[in-house]
Number of protein chains: 2
Amino acid sequence: MAARLQNRSTPGRRRASHSMESVLTEAVALLDEAGEPALTFRALAQRLGGGVASIYWYVANKDELLDLATDHVIGSLLSDVEALPGSDDPIDDLRTMALVLFDAIVARPWLGAYFMRNTNAQSNSLRLYERLGAQTLRLDLTARQRFHAVSAIIGVVVGSAVDLGQEPPQEVLDGKVGRDEYLGRAVQAWRELDPAGYPFVHEIVDEFDGHDDADQFRSALDLTLAGLRLQAGKAGA
Amino acid sequence: MAARLQNRSTPGRRRASHSMESVLTEAVALLDEAGEPALTFRALAQRLGGGVASIYWYVANKDELLDLATDHVIGSLLSDVEALPGSDDPIDDLRTMALVLFDAIVARPWLGAYFMRNTNAQSNSLRLYERLGAQTLRLDLTARQRFHAVSAIIGVVVGSAVDLGQEPPQEVLDGKVGRDEYLGRAVQAWRELDPAGYPFVHEIVDEFDGHDDADQFRSALDLTLAGLRLQAGKAGA
DNA sequence: CACATCATCGAACGGTGTTCTATCGTACTT
DNA sequence: AAGTACGATAGAACACCGTTCGATGATGTG
């Protein structure tokens, strides 16, 4: 069965004594250090100074471990969002919130992939969802429009995050090739393409070279929010 | 040692003869049948009637197998996009293309996760990217705006695709719980939340219940395209 | 002190991607 | 026609993964 909220932190001498908190904290630490592949039960056990099977007392399987770890960090993310000042423009507030989300994913790229998992099962995710949606209640929209608006914003965040979160291929991880050099090669390959066959790629290759992920995200977000503003204004007038 | 004479008379193990095409086709078939976890080298080898190690002659590792398989199906997807009639409104054309992409991901949910991997390495992905971007060349935008517009549209597709592509948890896969029942439970749980603490969730729970993924995607896409139209019009006038 | 329960752990199982080495079959050389 | 080089295949083994099982230390209760 699963561990309940009780926690005995009496320090054992030979045997390791864990707690839900420590398990999740170390799991997140592993994820932060080297992404999802780094989070293995064996690595986690070693880190906790205990045995592998012990972790299964706190967690049913790896899926649940990932869920709880995600919810754990979303908890603090939720605090950040709730601490936001807020303005008289709900769409501005939505923008600010989305930027906080994006920043969190930049700091923890592995978050992106697990961001939308089972909104129902993760309490903090749901509360974050509510927090975003609450802003749409201040807009003149139908219920369906509100639902779709929040979905769209989260979609933009996740869409950018997935792009951002994908780990560079072996070469870069091994340190043989620097990340900049890796991207530089791609740019170089693009430049050598047939300009007649790839007019667009040639048009934007300079933009791609040395582009800023945050800029890219902000632009995508602002397009969606501009559309939303239009939608809210249309019904209102 | 023994096989010298028996070569013809007694048919020993016939050696399998593969090809890049057959490897990729069977790999895609496995992915279609049960998603990424179903694509293992052993399952693929058995399907090809050969040994496990043989696959490594065609492919360096699983990552490359996934890349090539993805590029394989994107190839036919590209044909669909190129066969599109096209109109005098570039944004309409972008919308149509995005819908084709979305349909492809609905048909092959595993595609979503690998959709954006290494645009540079996958030739068909790059051509698809070019095809989308070409439409923005018909709009009055800066190079950077064009770059960001295409990124945004792809972001919306991927964002929806990730949401769509995540496999339901164990219960549903085991067939113990139907997918509708599973979603129904979530809806039920939402309805039982404190209305004061979760006003937005209560507002949209009816919309979520029995919602259509395609509707959700189309709404998100249209918000982005509305923003883009605004942006293009502003600079033009 | 006995006891039930919580919590921990080593060892093992089946599965995975990957590598090593040996081999077959064919096309070309001589 | 025999020999050879090489493209292509394959079995066995390795290291690692998530997961399970059974045993056992620790702890508070009667």
Side-chain angles (χ1 to χ4, degrees), chain A residues 1-24 26-27 30-31 34-69 114 167 169-170 173-174, chain B residues 1-24 26-27 30-31 34-69 114 167 169-170 173-174:
Chain A
M1 312 314 173
R4 241 31 206 150
L5 294 179
Q6 47 182 326
N7 167 27
R8 305 240 178 272
S9 50
T10 41
R13 244 174 208 283
R14 284 208 149 274
R15 316 184 113 228
S17 173
H18 311 153
S19 74
M20 198 55 160
E21 253 294 312
S22 65
V23 169
L24 261 35
E26 291 304 320
L30 281 170
L31 288 169
E36 195 215 326
L39 177 57
T40 69
F41 278 79
R42 286 170 176 85
L44 183 54
Q46 185 169 6
R47 199 137 173 157
L48 290 166
V52 191
S54 304
I55 304 170
Y56 281 87
W57 193 86
Y58 295 92
V59 147
N61 49 41
K62 186 166 185 181
D63 246 42
E64 188 175 308
L65 176 61
L66 248 352
D67 274 349
L68 291 177
Y114 300 94
E167 312 191 3
Q170 218 59 14
L173 286 180
D174 295 350
Chain B
M1 182 191 275
R4 228 172 111 110
L5 300 177
Q6 307 167 351
N7 200 0
R8 210 51 177 84
S9 52
T10 48
R13 282 274 167 267
R14 272 269 245 168
R15 288 171 79 89
S17 170
H18 311 152
S19 74
M20 197 60 173
E21 253 294 312
S22 64
V23 169
L24 260 36
E26 291 304 320
L30 281 170
L31 288 169
E36 195 215 325
L39 176 56
T40 70
F41 278 79
R42 285 170 176 85
L44 183 53
Q46 185 170 8
R47 197 130 170 164
L48 291 166
V52 190
S54 304
I55 305 172
Y56 280 88
W57 194 86
Y58 295 93
V59 146
N61 49 40
K62 186 165 186 182
D63 246 42
E64 189 175 305
L65 177 61
L66 249 351
D67 275 350
L68 291 176
Y114 299 95
E167 313 191 3
Q170 218 59 15
L173 286 180
D174 296 349

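Quick note on labels: first sequence line is chain A, next is B, and so on, each numbered from 1.
- One finds the CD1 atom of A/Ile55 at 12.5 Å from the CG atom of A/Asn61 (value rounded to the nearest 0.5 Å).
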Write out a two-atom table: protein N or O, nucleotide N or O from nucleotides 4-8 of chain D, distance below 3.5 Å.
none

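- Counting heavy-atom neighbours within 6.0 Å of B/Gln46 CD, excluding the residue itself, gives a total of 12 or less.
- Residue A/Ala16 comes nearest to A/Gly49 through the heavy atom pair CB-O, 3.2 Å, listed as atom of the first residue, atom of the second, then distance.
- Checking B/Leu65, B/Val59, B/Val52 one by one against B/Leu44, the side-chain contact (heavy atoms from CB on, under 4.5 Å) holds for a single residue, B/Leu65.
- Distance check: B/Lys62 NZ to B/Leu39 CG gives 5.0 Å after rounding to the nearest 0.5 Å.
- Atom pair B/Leu65:CG and C/dG17:P shows a separation of 9 Å (rounding to whole Å applied).
- In terms of heavy atoms, A/Gly51 sits closest to A/Ala45 at O-CB, 3.5 Å.
- In this entry the distance linking CG of B/Leu44 with C1' of C/dT18 reads 15 Å, nearest Å.
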Protein and nucleotides 17-21 of chain D: nitrogen or oxygen contacts under 3.5 angstrom:
unit_1 : atom_1 : unit_2  : atom_2 : d
D/dG18 : OP1    : A/Lys62 : NZ     : 2.8
D/dG18 : OP2    : A/Phe41 : N      : 3.0
D/dG18 : N7     : A/Arg42 : NH1    : 2.7
D/dG18 : O6     : A/Arg42 : NH2    : 2.6
D/dT19 : OP2    : A/Tyr56 : OH     : 3.1
D/dT19 : OP2    : A/Lys62 : N      : 2.8
D/dT19 : O5'    : A/Tyr56 : OH     : 3.4

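- The aromatic rings of A/His18 and A/Tyr58 are tilted relative to each other, their planes meeting at an angle between 30° and 60°.
- Between A/Ser54 and C/dA7, a side-chain N or O to OP1/OP2 separation shorter than 4.0 Å is absent.
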